[in-house]
Structure formats: structure tokens, C-alpha cells
Amino acid sequence: LLFAWAFEMTPEGLKREKDIDRSQSITPQTGKKLNNTILVLMALAIVYLLFDKFSEKGSEPFSQETTAEKGSEPFSQETTVQTAESGDEKRDPTPIEAREKSALTPIEAAAQAEAEPAITRQSIAVLPFENRSPDANDAYFAEGIHDDLLTNLARIGSLKVISRTSVAQYKDTEKTIPNIARELGVATVMEGAVQRSGTQVRINVQLIDAQTDEHLWAEIFDRELTANNLFAIQSEISEAIASALKAKLTTGEQQQINTVPTQNLLAYEAYLRGKQLVATRNAASLEQALAEFEKAVKLDPQFALAWVGKADTLILLSNYGTFSIEESHELAKTAIDRALAINDRLGEAYASLSQVMAYQNEWGLAEAAHLKSIQLSPNYATAWHWYSNDLGQFPLRIDESMEMALKAHELDPYAAIIGANLASKYEIKGLYSMAERQSLRNIELDPDFAPAHANLGTLYSASLGQFARAIPHLEKANRLAPEDIAAKNARLFIYVELGDFEAADAVRKEMTELSPGHFVTAFADVIINVYQSNDAATREAINYALPKVQSMTFVVNSLAAIQANAGDLQRAREIYLAASPGWMVREQWTGLINQYPTDACLVSWLLLRTGDEALGRGLLEQASRFLEQDLPAVMEHADTFVPEICQAARGDYEQALISMETQLNHNHLLFWKFFYRLPVFDPVRDDPRFIAIQQEYERRIALQRTEVDALRAENPL
């Protein structure tokens, strides 16, 4: 600009502007030429950008690329090597990692905005209470008082209360109150200390405004150590907090926070120990927790919360251990009934009840229990977490499920299991990079939390087709929780897909040694046989597994599909209808399709092939609409539900082939051999496009096998 202001171009060359006669200036002409030059350059730039965006690169029916999002990231053909112990890698950044540096997609940005709610005045974090007793063993007592206070506050609907797991991170912290409040998303923070000496207890608390760092309220309670006094102090503190934050207490809330849960101090102490053990989510600690809760209810059979603790532990043991699901849920239901008979206004009890109802496929009752739990304990993060989990089984309700998961995460941002649930909901939604970020954050927060590694391993294998990246995390999860028999299946599925049956048999042996009669072990036999194309052994394994899984519809459906895969269509139909007779009733299709969309396609085809043409066509039409119109409207990667089964069933083989090519472009490789061996695809097996698709799949699997073999050679697992 300075140069242009001082000089001017003339026919005789460059001259100082002040030496030129204005009447002889040619600035208008040179300016016009410059404008034309700029316009030509801009036009060329636009043409180049349009060519770059819409050229044929990457738009073939299927390419040698895979995606983290929408098929836009190239599939790396270089070997990925990770150490089994630490997950350290020797590789270039993967596509999903590269996206970390790019802008979020609109749907990701919206989800992230939901995850960062505004800080309200009526929000509080109660930091872990300091143990000032001379006996270090009293630490659990201080933790228990702190935990019970949070339970009380969780019942106040007009407050936002951060859960114990998240505030526990700040025990003995040197961080300032404003920093803690900012990290937890609250306006106020409470600090406290507990001192127990003989038959006396002193509890010292202070409520602080995080923005001004000023005290809003403080009190010292000196009382005789009795159950009545302990709970009276907690009630007084809860009421004082509500008053200071101008939170309105309803009559029901007032009644709940004034309830004395037990008069027996020994029962109370056993209950506190049990609660602290449950948070680990590993079988050994859960079994110890169960013993503590049983001790508590034996000492005080009227201790309702201890009955809830027992129920929750039994339910969790069926997920993280080798407990029989049927037995654990039956015992849990008995414990819940006892709790509700004592106090029918316990939100925690209704949360537990929801899990038993969901297991029994009583979804209406389960949802009613969820809503009742949230109504009674609106700050109980587990209630939101479990509600999210159950809604996640209905793909069309994934947005509601994510909303619940985000709410749980807001209330307990550092809880490992709640973070793992949020990651899984991002994955179902198809937001793979957000799922990976959340899983990596979970591992950073708790490197020894097995479900966090299992989640990340499942994301890499099931959604991204990156088996070499998945295995180290799945192996780490197995080392951290070797008693979690169900989690072992994730590794077995990878090995059978790779055709490494020696490794698959090794995993199956682990299951047998842990629990030979468990349904997961029986299901592993079915999977191994079907991938080895041993139809006779597959049928035998299905017959053995079926009696063990009658109450688990999703597992029964899998066995029915495998029976169809083995060529016995009539038997497959019988298994499906025994699990869900509603497939024969049009009025029940909506609910069944929403929960089992992939199975709906296969059931419709089975009905068509076994004499119920009218029902089959009606179900096929409704299932097709759900998979091809409804699901893509609410999630990315709706193709994971395999709409090509419906497309092939209705004879639209062109669209079925396009959908298969989409699966390849998204690198969805897991269960490939299972799905595309189904007889519904027999009419296209000799089609050149189907053959080319299969060849490309085999090429990718060979590459994955090479990477996994290299990984195992460098780091024997």
C-alpha cells in the first residue's frame, strides 16, 4: 500500500507519483487491467476447488479407503504396531487422530455444546471430607459421611449436585476453589472435615462461593456418635445448603432428607464399605461389596439402602463376573422388593428395579421405573446412566439416550463407567471421532479401568475395522478384569473374522476355565463353528446354547440368524418366533423393528420363504422404511444395521450391492463372513460386482491379519 501510494506505473516505467501530471495519468487503464487479471485468477481458483471436491477420486463403488467419518479418510495400508502393555504405537497418525486437528462436524459440535451446560447458581460440589481422627482407619467413616450427604443432596430437584466419583478426584488437592468449580461446572463448593473420638464426632463444614471465594455459610457440629445424630447433622447441612442457594425444597424432598435410614452404626459402616467397593466394577471387589451389604441387612433388616446396594451388586456381578444372569436378577428383585416395602420413595431402588424389568423385556415397566427414579433422586447420576443404557438398545431413540448419557456425565464427569457409557453412545450415533476422544479421556482418567479399554477396542474393531489397534486394548481389558467372561467375546470375534482359529480357540479355552457352563462360552462355540462353515456342528452348538439364553432375546435372535446361515430356514423361523411371537402380529412390529431392525429384515425374508407371504411382505416394507429412511435421519453410519438384507429380500439387488460397497468404504469388516453367507444373498453370488466386493474384503482382511501377526510377534499376548 505504501509503495502504491508513493509510485505509479507509466508507459515510460515506474515514476514517483508527485512527478506525474494528473492529466497524463493512466491509472484508470492499469487498474482495469489489474481487475480483469484478478477476476481470471479467481475463476481459475474456483474451478480448481470444484474439481478437487467433486472429482472422481474416492467416488468409485468401493475403494481401498476406510473412514472415521463419512468415508473421507484414507485407509492406511501400513502396518500398525502397538505394545500390548502400554498401547504405545510405532506408526503415523491414523485418520481418526488426524481429525482431532480439524473442525468438528455440525452434529459433533451440537453434541459437544450439549456436553458443556451453562453453570447455574444452584449448583454445588461437595469435596471429600478430611479425616481428622487420630485413627487412619476412620478414613472410610469420613468418606461415608461425605457419600451420604451427597445422597441426601441428590434428592433436591432444584439443585445440581456433582456425584462422589468426580469430587473424589480433589482429595488432598492443591487446586484453588475457583479452579475446581470451573472444572466441575458449579457455582459453589463445600469443604468439610470429620473427627471421630470415642463416642463423640465433630463435623466441620463451610460453603464457598466459587466466583468470589467468599464463605456463604459455615458450621461446626459436635455431637455424640449415634446413628440418629449422624443423619440429623446431614439433614441440617442439606437444608442449610438449600437455603443458602435459594433452592426450594418440596414436602417430599424434605421428608426424604430427614429420614433416618438405620439406627445401627455397625450396619451403617458395612454399608459404607460396600458402596466404596461397588465403584470399581471388577468381580473381586463386587463380591466383597456383596458380603458387606449382606452383613448390613443382617444387622438391620430394615436398612432399605443396604438392600438396594445388595441388588445393584448382584446385577453388576452378572455383567462383570460369572454369576448366572437368571439367578442374580431373581435375587436382586427380592432385595429391591424388600427395599421398597421399607421405603417406597427411594430413587435408588427404582433405578435398580428398572434393570430387572429391562432384563425381563418389560420395557414399559422399566421406563416407568427409570422416570420414577429420576423424579425422586434427580441428581442420582446412576439413574441417568442406566436409563441411557436401556434407551441405547432402541436405535431410533439414540438422541434421547445421548441426552441421558450427557446428563449423567454432567453430574459425574470423572466417573469412569459413565464416561465409558457416553463413549458407547457416541459410537452408536456414528460419531466415531468423538467416541474415540471420550474413550481416550476415560483411559487417561483411569488407566486401569477395564471397560474403558474394552470400549476403545470395540470401537476400533466393530466400527472402524482396525483390528491391530483393537487387540492391545482388548488384551489390556482382559488382564485388568480376567473374570469378565462376556468381554472376552470381543477378541474371539476378531480372530474368527481373521480366520485365526488357533487364537480363537485360546480365547474359548479361557472362557471354559473360567465358567464352562456359561452362556457366553456356549455362544463362542456357535460362532467358531459357523465361521468354519461346519453346519452340522453349528446346529449342535445352537441346540446346546438355546436353553441357556431363553431370557435374552438379543442372544436368541443371534442364534436364529446363525441357524438361517447354516441353511435351516424353518428352524430359524421357529427360534425367532419362540423368542418374539409378536413378529406374527402387525400391531407389534413397530416396537420389534425399533429394537431389532436387522433381525426384522431376516424374519421378513424367512416368513416369505416359509409360507407367510403377506406377513413377510408387510414386515419387509416396514423394516425397509425404518432402515433406509428413519435411522439415517438420526444417526451417522446407519449402514451398521445391514439394510442390504432387506434390499436383497425384496429383490433390489442393485441397491443391496451398493450397500455392500458402502460397508467396505466405511471399513465395517467385523461379522462380514457371517452376514454375507446368509442365503438371502445367494442370487448375487455370481455377480461380478459381488465377486469384486468379496475380493476387496479378502484383501483387507489379509492386510489386517498381517498387522495382527506383526503385533503379536513383537509383543506376545
Side-chain angles (χ1 to χ4, degrees), residues 123-133 135-156 159-173 175 177 180-181 183-184 186 188-197 200-208 210 217-223 225-227 229-242 244-245 256-257 259-262 265 267-280 289 292 296 305-306 308-309 348 377 379-382 411-415:
S123 56
I124 183 172
V126 181
L127 299 185
F129 284 2
E130 179 187 354
N131 175 36
R132 292 183 180 170
S133 300
D135 186 351
N137 292 326
D138 281 343
Y140 81 88
F141 181 76
E143 291 176 6
I145 299 295
H146 171 253
D147 191 46
D148 263 4
L149 176 60
L150 288 174
T151 299
N152 249 5
L153 291 173
R155 298 187 173 111
I156 303 176
L159 287 180
K160 170 189 170 182
V161 184
I162 302 299
S163 296
R164 178 184 178 275
T165 313
S166 292
V167 294
Q169 309 294 320
Y170 299 96
K171 185 176 182 179
D172 302 324
T173 184
K175 290 185 177 181
I177 293 296
I180 294 171
E183 291 174 6
L184 292 175
V186 295
T188 57
V189 173
M190 172 170 276
E191 294 180 312
V194 178
Q195 182 174 352
R196 183 163 83 163
S197 179
Q200 295 296 121
V201 64
R202 168 176 285 188
I203 300 178
N204 181 1
V205 290
Q206 50 189 358
L207 183 64
I208 303 166
W217 172 79
E219 187 65 77
I220 297 175
F221 299 89
D222 282 310
R223 303 284 172 86
L225 182 53
T226 67
N229 282 345
L230 281 179
F231 297 121
I233 292 170
Q234 292 172 23
S235 297
E236 289 181 45
I237 295 173
S238 300
E239 291 174 3
I241 290 172
L245 300 184
Q256 279 296 94
I257 66 175
T259 298
V260 177
T262 181
L265 271 180
Y268 178 61
E269 291 175 359
Y271 166 75
L272 296 181
R273 287 191 293 270
K275 285 202 71 175
Q276 291 168 42
L277 288 163
V278 164
T280 61
E292 294 291 349
L305 281 171
V308 174
E348 296 88 345
S377 293
N379 289 288
Y380 183 39
T382 298
L411 293 171
D412 207 349
Y414 293 125

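From a predicted model like this one, the values you see are computed outputs, not experimental measurements.
Here OG of Ser235 is found 10.5 Å from CD of Gln256. Values are rounded to the nearest 0.5 Å. The CD atom of Glu219 lies 10.0 Å from the CD1 atom of Ile233; values are rounded to the nearest 0.5 Å. If you take CG on Asp147 and CD on Gln234, they are separated by 9.5 Å, rounding to the nearest 0.5 Å. Rounded to the nearest 0.5 Å, atoms CD1 (Ile257) and CG (Asn152) are 6.0 Å apart. Atom CG of Asn229 sits about 11.0 Å away from atom CG of Asp222, to the nearest 0.5 Å. Remark: Tyr271 OH to Asp148 CG distance equals 5.5 Å, nearest 0.5 Å.
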- Task: For side chain to side chain contact (heavy atoms under 4.5 Å, CB included), just list the numbers for Val126 and Leu153, CA-CA rounded to whole Å, side-chain angles, deciding distance to a tenth of an Å, and then say yes or no.
- Result: CA-CA 10 Å; Val126 181; Leu153 291 173; 3.8 Å; yes

- May I have the step-by-step check of side chain to side chain contact (heavy atoms under 4.5 Å, CB included) for Val161 and Leu411, ending in yes or no? CA-CA 6 Å; Val161 184; Leu411 293 171; 5.7 Å; no

- Check the pair Lys275, Thr151 against side chain to side chain contact (heavy atoms under 4.5 Å, CB included), reporting the backbone distance first and the verdict last. CA-CA 12 Å; Lys275 285 202 71 175; Thr151 299; 3.7 Å; yes

- When you look at Ile177 and Glu191, which way does the side chain to side chain contact (heavy atoms under 4.5 Å, CB included) test go after all the steps? CA-CA 10 Å; Ile177 293 296; Glu191 294 180 312; 3.8 Å; yes

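Minimum interatomic distance between Glu348 and Ser377 (heavy atoms only, all atoms of both residues): OE1-OG, 3.9 Å. Annotation for Tyr170 and Leu127: closest pair CB-CD2, 4.1 Å, computed over non-hydrogen atoms. Across Val205 and Ile237, no two heavy atoms sit closer than the pair CG1-CD1, 4.0 Å. Taking every heavy atom of both residues into account, Thr165 and Ala415 meet most closely at CG2-CA, 3.5 Å. Closest heavy-atom contact between Ser163 and Leu150: C-CD1, 4.2 Å. In this structure, Val167 and His146 approach most closely via the heavy-atom pair CG2-CE1, 3.6 Å.
Looking only at distances, no side-chain donor or acceptor of Thr188 sits under 3.5 Å from a matching main-chain atom of Ala210.
The side-chain heavy atoms of Asn131 and Gln195, taken from C-beta on, include no pair separated by under 4.5 Å. Inter-residue side-chain proximity for Val201 and Val194 is flagged as met; some heavy-atom pair is nearer than 4.5 Å. Leu230 places a side-chain heavy atom less than 4.5 Å from the side chain of Ile145. Met190 places a side-chain heavy atom less than 4.5 Å from the side chain of Leu149. In this structure the side chain of Leu225 never reaches within 4.5 angstrom of the side chain of Gln200, judged on heavy atoms.
Partner of Ile124 under the side-chain contact (heavy atoms from CB on, under 4.5 Å) criterion, chosen from Leu207, Ile156, Asn379, Ile208: Leu207.
Ion pairing between a basic and an acidic side chain is recognised when a charged N comes within 4.0 Å of a carboxylate O; Glu143 and Arg273 show no such pairing. Electrostatic pairing of Lys175 and Glu183 counts as a salt bridge here, judged by a charged N lying under 4.0 Å from a carboxylate O. Using a cutoff of 4.0 Å between basic side-chain nitrogens and carboxylate oxygens, Arg202 and Glu130 are not scored as salt-bridged.
Residues passing the side chain to side chain contact (heavy atoms under 4.5 Å, CB included) test with Thr262 are Phe231, Asn264, Ala267, Tyr268, Asp300, Phe303, sequence neighbours excluded. Applying the side chain to side chain contact (heavy atoms under 4.5 Å, CB included) criterion to Ser166, with sequence neighbours excluded, gives Ile162, Leu184, Asp412, Pro413, Tyr414.
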